[in-house]
Amino acid sequence: MAGNRDHFLLIFLSVALALVPGSMQLQSSQTWSLLKIQQMLNYPAVLSHWHNNTDFCYGGDYKTTSAFVECYGDSVTQLHIIGPAGGSPPLPKTFSIDSFLTTLSRLPDLRVLTLTGLGLWGPLPGKVSRFTSLEIVNVSGNYLYGELPLALSRLGNLQTFIADDNMLSGKLPGWLGRLPLLAVLSLRNNSLEGTLPESVRDMGSLRSLVLASNNLSGNLPDLSSLKNLQVIDLANNSLGPVFPRLGRKVASVVLSGNKFSDGLPSELTSSYLLEHFDVSRNRFVGPFMPALLSLPSIEYLNIAENRFTGLLSGNMSCGENLLFVDVSSNLLTGSLPACLSSGHKESKTVLFSANCLSTGDDTQHPSPFCKNQALAVGIVPDQVRKNPSGAKAGLVAGVVAAALAAAVLAGVAIFFAVRKVSMRRAQARPARRLVEHASSAYPSKIFADARYISQTVKLGALGIPAYRSFSLVELEAATNDFEVSNLMGQDSHGQMYRGRLSNGTPVTIRSLKVKRSQTSQSFNRHIEMISKLRHRHLVSALGHCFEYNLDDSTVTQLYLVFEYVQNGNLRGRISQGTEGRKLTWVQRISTTIGVAKGIQFLHAGIIPGLFANNLKIVNILLDQNLVAKIGSYNIPILAETMKSEGGSGNKYPSDRVANGDKIDIFDLGVILLEVVSGRPITSIYEVEIMKEQLQSALTAEGPTKRRSFVDPAVSKGCSDESLRTVMEICLRCLAKEASQRPSVEDVLWNLQFAAQISSQVEAKH
Ligand SMILES: *[C@@H]1O[C@H](CO)[C@@H](O)[C@H](O)[C@H]1NC(C)=O
Ligand SMILES: *[C@@H]1O[C@H](CO)[C@@H](O)[C@H](O)[C@H]1NC(C)=O
Ligand SMILES: *[C@@H]1O[C@H](CO)[C@@H](O)[C@H](O)[C@H]1NC(C)=O
Ligand SMILES: *[C@@H]1O[C@H](CO)[C@@H](O)[C@H](O)[C@H]1NC(C)=O
Ligand SMILES: *[C@@H]1O[C@H](CO)[C@@H](O)[C@H](O)[C@H]1NC(C)=O
Ligand SMILES: *[C@@H]1O[C@H](CO)[C@@H](O)[C@H](O)[C@H]1NC(C)=O
C-alpha cells in the first residue's frame, strides 16, 4: 500500500491550493503610485483601463497581456507595462526619469518590472540603487542613454537585466562582476563600446550574455570559468581576432558579423550541449571541422561568409537534431555530405552556394578559385582531416536510434496502481454547476520577461498540444462521466482519473477540492504557473477546468489535465525489468539525459523555478519511444504560503536557488546509482551503502572491480570509459555537501560524453 502512494501522488500539488489568500485590497498608497505612473507615462493607450477604482491586484478583468500588476497580499510585486510593438515616441520634455523612479520606488516589494516601448528617456540616475528587491527587469525599446550607473551594482537580488534597443553608451563597467545572482544580461542594440571587462569572468551565475549590435571591440576575456553560461550572443560588433575560450557547456554561441580571423579551436568538438552555433560574416580562416556537423545536440550551424577550407565528403555524418546548415561563401571543396542533401529530413535547410564543391551546377566556383584564395590568405588547403570523433558521433546517433526502435515493445504497462476505491463518485461532485467556456483567456505574459533564454527550453514544448482551458462537459466525456473504472486513486485533496479526449489523446485528470469560496481569478497565478509546466521531459500540463457553484459563481472544484504516459516507469526497465525489457547501456544514458534536461527546465526554464522536486525513479515515466518524463514535481504553492506566514518578507532568493537545485542533483544521483547498478534502492540507508561500494569500485585498480558494481545486464555492452564517466558523475551528485555537487549542465555534459564513447565500443562488437 505504501508503495502505491508514491505512484498515486503523481502531481503533487500541495494542500495549500485551497488556502490561496483570498481577495485583498492593494494598499492605497500603492494604488496612488500606479495611477501616478500612468500619468507620468502620459496616459498610454495600454493603460486606458486603469482608473482610480481599479482593483489592480485581484480584479482579473483589469489584466491585459500588455499591462498588468501582480500582488502578494496587499503589495505590488510585479508591474508590467508593454508599449506598442514599434515602441513609442519619446515622452514629452516635462518627463523626468528621476521623479519617475521616485514614484516607482513607492512600490517597495517590486520584484519583476517590465516597462518596454513606452518612450522613457534620460540617463539612468543613481536612484536605481533603491530598488534592492528587484529580480527581473526589462526596459527594452526606450530612449535610455548614458552609461550604466554604478548604483546598479547595489541591486544584489538582480537576476535578469534586459535593456535592448536603447541608447546606452560607454564601456561595460567592471562592477558587473559584483552582481552575485545576475543570470541574464541583455543589452542588444545599444551604443556600448570598448572591450569586455575582465570581471565578466567573475559572473558565476551568468546564463545568458547578449551584447549584439553594439560597437564593442577587442578580444574577449577567458569565459571558460563561467560554468553556467549557456547563451552568448555578441553578433554585429567589432570583436576579435581571437575566438574566445568558452566553457564546454554552452548551448548557443552567436558571434556573427565581427572581426574574428583566427581558426576555430578544436575544443569545440567536445561541446556536447551546443545547439546553435553562428560564426557567419567574420574573417575566419583554416579548416572547417566536420565534427561540428555531428555534435549530438547541434540544431543550427552557420559558418557562411568566412574563408574556411577543407575537403568535404559524402560519407560525413550529421547530428540527429540538425535543422539548419549554412556553409555558403567559404573555400570548401569535395562533395556535400549525403546527410545534408535534401530528402533526408524535409524540414532541414542546407545552404552551400559559393564554395568549390562538386555539385555540378553553377552555384559553385571552379576549384582553383578556392585553392588560390586559400593560398592568398596563407593556408595550404590540406586533405580532409580524418576526424575520428566526427565519424563516431554519427555512429552514436545510429546506435541510439536503432536501440530505441528495438525497444518500442508491445506491452503497455499501466503506471498507476489502481487502488480499490469503494466510494460513490457522485458524492464528490456538487449538484449544481456552471460550465466554463473553453475560451477563457489568461494573462499569458506573466513571467514572460523571465522566460528562459536557452533554446533547449524554448524548443522543449514542441509536439505537446497547446495548453487550454477545458469545459466540464469535455472532461465528463473523456472519463465516461467520471466512471469509477477510470479512477486511478484518490487522497484527501481529490481524485485522479484516467481519460481520453475526443481527439483520442489519453490524459490524466486531477481533481482538487477548493475549500473556501473563491473566484476563478484568485487562481490566475497558479494556473499561469501550471500552464508553463510543459516540456518534452515532463509529464506536461495540458489544461484545467473550473467547476462553479451556481449561486455565487465561486469555484468548488479545480481539475488539472496532464499527459498520460503509458509505458511504465524507469525502475520497471532497470531493476525490476524482466529479461528483454531491461534497457541497454545507451538507452539508460539517454533516459537519464532526459531526466537531467527535465530538471534543467524545472530550475531555469520557468520563473520562479521549481526546486526540491523529490525526484524518484518510480516517478520517471517512459513513453512509447522510451522518452523519460518527470512525473512529479514540486509546485511551490505551499512554499509561497508559508513564506508569507513567516513574515520575513523578501527572503533572499539565492538560498532557495543555491540549495534547492542541488537537492534535485542528489536525487538524480540516486537515480543514476540504480541505473548503473541495476539494484532497486528504497531507503537512504541503501544509498549510503551503495555509495561506498561505488566509491571503492571507482578507486580500485583496473576495470574488474568497477564492472562488478554494474548491472550484469549491461556490463558487457558498455565501454570502460563510458562506464567510469557515469559512475564518477553519479558519485559527485551524491556528495554530502550540496556545494560539491555538480551543476545540471555539468551532469548533462558528462552523460552526453558517456553516450559518445559508449558506442565506440558497441560499434566494434
Ligand atoms: C476617482 O475619480 C473621479 C473622477 O474621475 C472622482 O470623482 C473621484 O472622487 C475619484 N475617487 C477617488 C477615491 O479618488
Ligand atoms: C535599435 O534601437 C533603436 C532605438 O535605439 C531602434 O530605433 C532600432 O529600430 C533598433 N534596431 C533594431 C534592428 O532593432
Ligand atoms: C565605433 O567605435 C569606433 C572606435 O572604436 C568609432 O570610430 C566608430 O565611430 C564607432 N561607431 C559607432 C557607430 O558608434
Ligand atoms: C546583424 O546585422 C545584420 C545586418 O546588418 C542583421 O541581418 C542581423 O539580424 C544582425 N544580427 C543580430 C544578431 O542582431
Ligand atoms: C569516406 O569517403 C572517403 C572518400 O570519399 C574515404 O577516403 C574514407 O575512407 C571514407 N570514410 C569512411 C569512414 O567510410
Ligand atoms: C523584453 O520586452 C520586449 C518588449 O516587450 C520583448 O519583446 C522581449 O521579449 C522581452 N525580453 C525578454 C527576454 O523577455
Side-chain angles (χ1 to χ4, degrees), residues 41 44-47 64-68 78-91 112-124 134-146 158-169 182-193 206-216 230-239 252-260 276-282 300 302 304-305 324 326 328-329 351 443-455 457-458 532 604-607:
L41 293 176
V46 291
L47 298 184
T64 67
T65 52
S66 333
F68 57 91
Q78 300 192 21
L79 172 63
H80 302 259
I81 309 175
I82 298 165
S88 309
L91 289 165
V112 183
L113 177 66
T114 309
L115 294 170
T116 60
L118 293 168
L120 302 177
W121 60 268
L124 281 175
L134 271 184
E135 294 171 11
I136 297 170
V137 176
N138 185 351
V139 290
S140 299
N142 287 296
Y143 303 86
L144 301 173
Y145 56 79
L158 201 60
Q159 295 168 25
T160 295
F161 185 73
I162 301 167
D164 297 342
D165 303 325
N166 277 285
M167 306 183 312
L168 297 168
S169 59
L182 195 65
V184 178
L185 177 64
S186 185
L187 299 167
R188 184 196 299 275
N189 188 21
N190 278 279
S191 304
L192 301 168
E193 57 183 26
L206 199 63
R207 283 179 172 272
S208 174
L209 178 65
V210 179
L211 299 169
S213 302
N214 278 284
N215 198 11
L216 300 168
Q230 290 179 28
V231 176
I232 179 162
D233 181 356
L234 303 175
N236 297 343
N237 282 287
S238 304
L239 296 162
S252 174
V253 176
V254 180
L255 299 175
S256 58
N258 278 288
K259 294 187 173 159
F260 292 102
H276 188 109
F277 188 67
D278 185 350
V279 292
S280 60
R281 296 185 294 112
N282 276 287
Y300 180 105
N302 191 343
E305 296 183 51
F324 179 97
D326 189 349
S328 45
S329 301
L351 305 171
S444 62
K445 294 263 304 193
I446 303 183
F447 303 128
D449 292 326
R451 217 174 280 158
Y452 196 50
I453 21 178
S454 158
Q455 322 278 325
V457 173
K458 277 195 209 135
K532 301 274 164 58
I606 40 177
I607 294 199

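For ligands, and for the atoms within them, numbers begin at 1 and follow the listed sequence. Here the structure is a predicted model, which is why all the values come from computation and not from measurement.
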For Asn166, the ligand 2 atoms whose distance to one of its heavy atoms is below 4.0 Å: 5 (O)
Side chains of Thr116 and Asn138: do they bring a donor and an acceptor to under 3.5 Å? no
Residue-level breakdown please: for Asn190 versus ligand 2, do any non-hydrogen atoms fall below 4.0 Å on the side chain, on the backbone, on both, or on neither? neither
State whether the side chain of Asn166 and the backbone N or O of Tyr143 hold a donor-acceptor pair below 3.5 Å, judged by distance alone. yes
Trp121 side chain to Asn142 main-chain N or O, any donor-acceptor pair under 3.5 Å? no
For Ile162, atoms of ligand 6 separated by under 4.0 Å from a heavy atom: 11 (N), 12 (C), 13 (C)
How long is the straight-line distance from CG of Asn215 back to CG of Asn236, given to the nearest 0.5 Å? 11.0 Å
From Gln159 atom CD to Leu185 atom CG, the distance as rounded to the nearest 0.5 Å: 13.5 Å
Separation of His80 NE2 from Leu115 CG (nearest 0.5 Å): 10.0 Å
Between Asn237 and Asn258, is any side-chain donor less than 3.5 angstrom from a side-chain acceptor? no
Pairing residues for Ala212 by the side chain to side chain contact (heavy atoms under 4.5 Å, CB included) criterion, not counting sequence neighbours: Arg188, Asp233, Ala235
Output, or 'none' if empty, a list of ligand 4-protein atom pairs in which both atoms are N or O and the distance is under 3.5 Å, rounded to 0.1 Å.
unit_1	atom_1	unit_2	atom_2	d
ligand 4	2 (O)	Asn236	OD1	3.3
ligand 4	2 (O)	Asn236	ND2	2.3
ligand 4	11 (N)	Asn236	ND2	2.9
ligand 4	14 (O)	Ser213	OG	3.4
ligand 4	14 (O)	Asn236	ND2	3.4

Scan Leu239, Leu216, Asn190, Asn189 and name whichever one has a side-chain contact (heavy atoms from CB on, under 4.5 Å) with Leu211. Leu216
Met167 neighbourhood, listing ligand 2 atoms whose heavy-atom distance to it stays under 4.0 Å: 5 (O)
Check this for me - ligand 6, Asn138, N or O atoms closer than 3.5 angstrom, yes or no? yes
Going by the atom numbers of ligand 6, which of them fall below 4.0 Å from some non-hydrogen atom of Thr116? 2 (O), 4 (C), 5 (O)
Which of the numbered atoms in ligand 6 are under 4.0 angstrom from any heavy atom belonging to Ile82? 5 (O)
